Protein chains: 2
Amino acid sequence: MDDPLYFPPRELAVMSILWRTGGATVAEVKDALEENLAYTSVLSALQTLEEKGYVTHEAEGRAYRYRALVDAEKAGDSALARVRESIFQGSAEKLFAHFVSDDKLSRSELERMRRLLADRLGDEP
Amino acid sequence: MDDPLYFPPRELAVMSILWRTGGATVAEVKDALEENLAYTSVLSALQTLEEKGYVTHEAEGRAYRYRALVDAEKAGDSALARVRESIFQGSAEKLFAHFVSDDKLSRSELERMRRLLADRLGDEP
DNA sequence: GCCATACTACGGAAGAACCCGTAGACACGA
DNA sequence: TCGTGTCTACGGGTTCTTCCGTAGTATGGC
């Protein structure tokens with residue numbers, strides 16, 4: 001097991017952009033962020049993340065391109081485990097039940113989920 | 001839509017106990033917490049949560065009994081939405097796929113999930 | 001060469017989160 | 001009555017997070 005891996009809100013937003021893009025410059029991150037932050041604020045966030053070891057950078061022309069060092073899957077593991085544990089009393093089923101009860105899920109999404117679950121059940125004789 | 005509802009780690013741990021128990025005194029929260037905090041630290045956390053409006057208290061004997069004012073479902077909504085949005089690129093399916101790929105899920109759990117999903121699909125003709 | 005532009009490094013302010021000690025109130029038993 | 005134990009209120013210290021301004025460096029156009 002690895003350390004629990006936790007990102008405060010703003011840092012998570014930045015990581016999210018790095019995961020989506022696969023790597024981004026400060027300016028790109030700034031543009032992708034919903035809130036309108038100063039350039040240096042974005043830079044600071046990235047430097048903080050780098051200091052923590054979650055991110056690295058390499059020169060690209062005059063600028064740096066930042067890249068995530070932890071992958072989204074790992075972060076997803078930690079986040080879902082935390083949600084399951086603290087909000088759904090440790091029960092994966094409770095989490096699941098709540099997840100699929102979301103009205104905004106389309107029928108086709110639900111059907112693809114059913115398919116996924118069927119596959120998952122099939123692979124374990 | 002309500003406000004996004006977010007709890008930093010320690011406060012989430014405290015809320016978790018209130019959700020599980022339905023209400024608890026400071027001493028009970030302290031005992032239930034994994035980390036060994038000073039009594040007053042736990043009290044502080046509860047007072048902070050109360051100030052934010054997530055918690056209330058009523059006298060019970062000489063002590064206060066604290067109770068959550070937001071329910072776990074709402075917190076679950078926010079938490080899952082945040083995870084889906086920032087880690088799984090907004091895709092409920094990606095989240096789901098990752099969720100069911102967890103090795104620690106037992107076959108019976110998975111089967112109960114399948115049932116739940118089937119019911120959910122059935123209720124929408 | 002000189003200027004504007006784009007970028008990073010650095011430092012620091014302000015607030016949030018976290019943690020606890022001390023003081024005071026209150027009840028109970030000796 | 002006099003501790004003793006349990007509880008809350010209050011205040012303060014420390015670290016983390018967020019945010020940005022200033023200064024310095026390099027690049028490319030003129």
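Given the structure is predicted, the values throughout are model-derived calculations rather than measurements. Each chain gets a letter, A, B and so on, in the order the sequences are listed, and its residues count up from 1. Basis for what follows: all heavy atoms, side chains included, without hydrogens, waters or symmetry-related copies.
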* Do M15(A) and L69(A) belong together in a cluster built from hydrophobic side chains that touch within less than 4.5 Å? -> no

* Structure fact -> So CG of D102(A) and CZ of R84(B): to nearest 0.5 Å the spacing works out to 6.5 Å

* Asked: Is the Y66(B) ring parallel, tilted or perpendicular to the H57(B) ring (thresholds 30°, 60°)?
  -> tilted

* Asked: With respect to the phosphate group of dC20(C), does any side-chain polar atom (N or O) of S41(B) fall under 4.0 Å of OP1 or OP2?
  -> yes

* Asked: Could one point to a donor on the side chain of T40(B) or the base of dC19(C) with an acceptor on the other under 3.5 Å away?
  -> no

* To do: Give a yes or no on whether the ring-centroid distance for F99(A) and F99(B) is below 6.0 angstrom.
  => no

* d(OH, Y39(B); P, dA25(C)) in whole Å -> 17 Å

* Asked: Y64(B) has an atom OH; how far is it from atom P of dT8(D), in whole Å?
  -> 7 Å

* Without swapping roles, check the side chain of W19(B) against the backbone of F88(A) for a donor-acceptor pair under 3.5 Å. => no

* Provide, to the nearest angstrom, the distance between the CG atom belonging to L46(A) and the P atom belonging to dC10(C). => 16 Å

* For DNA chain D, the residues among residues 7-35 of chain B that have a non-hydrogen atom under 4.0 Å from it -> V26(B)

* Asked: Between CG of L18(A) and CG of L46(A), what distance do you get to the nearest 0.5 Å?
  -> 6.0 Å

* Whole Å only: how far is the CD atom of Q47(A) from the P atom of dC7(C)? -> 14 Å

* Asked: In whole Å, what is the span from the CD atom of E60(B) to the P atom of dC26(C)?
  -> 19 Å

* Asked: Any Lys/Arg nitrogen of E111(A) or R107(A) sitting under 4.0 Å from an Asp/Glu carboxylate oxygen of the other?
  -> yes

* Send over the distance from K52(A) NZ to dC16(D) P, rounded to a whole Å. => 9 Å

* To do: List the protein contact pattern of nucleotides 24-30 of chain D with one symbol per nucleotide (5' to 3'): B for base contact, S for sugar-phosphate-only contact, - for none; contact means a heavy-atom distance under 4.0 Å.
  => --BS---

* Would you mind checking if E85(A) and R20(B) are paired as a salt bridge, meaning a charged N to carboxylate O distance below 4.0 Å? => yes

* Closest-nucleotide 5' rank along DNA chain C - winner of T48(B) and A38(B) -> T48(B)

* To do: Nearest whole angstrom, please: distance from the P of dG15(C) to the CD of E51(B).
  => 14 Å

* Round to the nearest Å and state the distance from Y6(A) atom OH to dT15(D) atom P. => 19 Å

